[in-house]
Peer 1: 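Following this message is one structure expressed as structure tokens.
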Amino acid sequence: MSGFTITPLAARHRADWERLYAAYAAFYKVEQTAEMRERVWGWIMDPAHEVKALVAEDADGRAIGLAHYRPFARPLAAGTGGFLDDLFVDPAQRGRRIADALIEAVAEIGRQRGWGVIRWITADDNYRGRGVYDRLATRTMWITYDRKLG
């Protein structure tokens, strides 16, 4: 890891996290408001909430990438896994293996917690991200469905 470190998200990262998370939502063309980011920030900052976050920090302490993750029960495997909900690296910082380092940091947390797998989804047309993921993990045969509830 040259020129960056992976660390838990902290209050000092708030402005950078806001910028990164808003850019992540824009990348996926998802409407996201300041109120929505406030709610997610509150989840992450609440030690009792399941959602946790890591950031990649540059040498000046500026967050240049983020990863949100949480545990999930795996009844069929009778175990627990980790779900990588959001992964985003500042476009100006890409190509430095920051995403690799964030995924590996989540994997290490998972190993420490006894998780059997780290799982995530991405858009079919996220070609650059998929290039990273294909290097680091095994693409599964599973197809994801969403059913709106309201």
Side-chain angles (χ1 to χ4, degrees), residues 1-73 80-137 139-140 144-150:
M1 291 189 312
S2 178
F4 66 91
T5 57
I6 305 301
T7 188
L9 182 69
R12 64 188 165 82
H13 299 120
R14 178 68 186 259
D16 290 330
W17 176 86
E18 289 261 356
R19 175 183 51 80
L20 291 167
Y21 203 40
Y24 174 76
F27 175 82
Y28 279 115
K29 299 175 178 64
V30 172
E31 183 180 336
Q32 187 186 77
T33 65
E35 293 79 17
M36 293 165 73
R37 284 190 298 279
E38 180 69 30
R39 178 180 295 169
V40 174
W41 179 263
W43 291 345
I44 295 167
M45 292 294 115
D46 178 354
H49 200 280
E50 66 182 354
V51 175
K52 305 298 176 207
L54 299 172
V55 292
E57 257 186 358
D58 66 13
D60 296 324
R62 185 171 170 251
I64 55 175
L66 64 79
H68 298 155
Y69 64 94
R70 60 188 159 84
F72 72 97
T80 304
F83 199 86
L84 178 60
D85 285 292
D86 308 313
L87 179 72
F88 187 76
V89 174
D90 183 321
Q93 302 294 328
R94 292 183 182 160
R96 299 175 56 199
R97 302 246 166 147
I98 294 168
D100 299 46
L102 285 162
I103 292 169
E104 180 51 36
V106 173
E108 181 55 32
I109 289 166
R111 284 190 284 276
Q112 292 170 7
R113 296 181 182 176
W115 297 348
V117 68
I118 301 295
R119 180 172 292 154
W120 62 92
I121 60 174
T122 194
D124 187 55
D125 64 353
N126 182 7
Y127 302 112
R128 185 166 186 163
R130 287 178 52 197
V132 173
Y133 308 151
D134 288 345
R135 241 185 328 95
L136 300 177
R139 182 179 172 180
T140 71
T144 302
Y145 292 88
D146 281 351
R147 180 170 175 180
K148 302 291 182 190
L149 300 177

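It should be emphasised that the depicted structure is a prediction, and the values quoted were computed from it without experimental measurement. When a residue number appears, it is its place in the shown sequence, counting from 1.
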Peer 1: Indicate yes or no: at least one non-hydrogen side-chain atom of Ile103 is less than 4.5 angstrom from one of Leu84.
Peer 2: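 Heavy-atom side-chain distance check passes, below 4.5 Å.
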
Peer 1: Knowing that exactly one of Ile64, Asp90, Ile98 qualifies, which makes a side-chain contact (heavy atoms from CB on, under 4.5 Å) with Asp58?
Peer 2: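 One option only clears the test, and that one is Ile64.
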
Peer 1: Under a 4.5 Å cut-off applied to non-hydrogen side-chain atoms, are Glu50 and Phe83 in contact?
Peer 2: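 Counting from C-beta outward, Glu50 and Phe83 never come under 4.5 Å.
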
Peer 1: Regarding Arg14 and Glu18, does a basic nitrogen lie under 4.0 Å from an acidic carboxylate oxygen?
Peer 2: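 Yes.
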
Peer 1: How far does CZ of Phe72 sit from OG1 of Thr80, to the nearest 0.5 angstrom?
Peer 2: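 Result: 8.5 Å between the selected atoms.
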
Peer 1: Just so I know, are the side chains of Arg130 and Asp124 near enough to count as touching, which here means a heavy-atom distance under 4.5 Å?
Peer 2: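 Side-chain contact under 4.5 Å: yes.
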
Peer 1: What is the distance from atom CH2 of Trp17 to atom CD1 of Ile44, rounded to the nearest 0.5 Å?
Peer 2: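 Output value for this atom pair is 5.0 Å.
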
Peer 1: NE2/His13 to OG1/Thr7 distance, rounded to the nearest 0.5 angstrom?
Peer 2: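 Going from the NE2 atom of His13 to the OG1 atom of Thr7 covers 6.0 Å.
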
Peer 1: Taking the side chain as everything from C-beta on, heavy atoms only, tell me whether Glu104 gets closer than 4.5 Å to Ile6.
Peer 2: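 A side-chain contact is absent here, since even the closest heavy-atom pair is not under 4.5 Å.
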
Peer 1: Look at the rings of Tyr21 and Tyr24 and say which category their plane angle falls in: under 30° parallel, 30 to 60° tilted, over 60° perpendicular.
Peer 2: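 Answer is parallel, since the angle falls under 30°.
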
Peer 1: What I'd like to find out is whether the side chain of Leu9 reaches to under 4.5 Å of the side chain of Met45, using heavy atoms alone.
Peer 2: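 Yes; the side chains approach each other to less than 4.5 Å.
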
Peer 1: Tell me whether the centres of the aromatic rings in Tyr133 and Trp120 are closer together than 6.0 Å.
Peer 2: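 That pair passes the under 6.0 Å test.
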
Peer 1: Are Thr122 and Tyr28 side-chain neighbours, meaning at least one heavy-atom pair lies under 4.5 Å?
Peer 2: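 Counting from C-beta outward, Thr122 and Tyr28 do come under 4.5 Å.
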
Peer 1: Please answer whether the main-chain N or O of Ala63 pairs with a side-chain N or O of Arg19 as donor and acceptor at a distance below 3.5 Å.
Peer 2: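 Side chain of Arg19 to backbone of Ala63: a pair is present.
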
Peer 1: Between the side chain of Lys52 and the main-chain N/O of Pro47, is any donor-acceptor distance below 3.5 Å?
Peer 2: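 Side chain of Lys52 to backbone of Pro47: a pair is present.
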
Peer 1: Side chains of Leu102 and Leu87: closer than 4.5 Å at any heavy-atom pair?
Peer 2: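 Of all side-chain heavy-atom pairs linking Leu87 with Leu102, at least one is under 4.5 Å.
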
Peer 1: Counting only heavy atoms from other residues, nucleotides and ligands, does the tally under 6.0 Å from CD of Glu31 exceed 12?
Peer 2: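 Result for CD/Glu31: open.
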
Peer 1: Enter the distance from Phe88:CZ to Arg94:CZ here, rounded to the nearest 0.5 Å.
Peer 2: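 If we round to the nearest 0.5 Å, Phe88:CZ and Arg94:CZ are 4.5 Å apart.
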
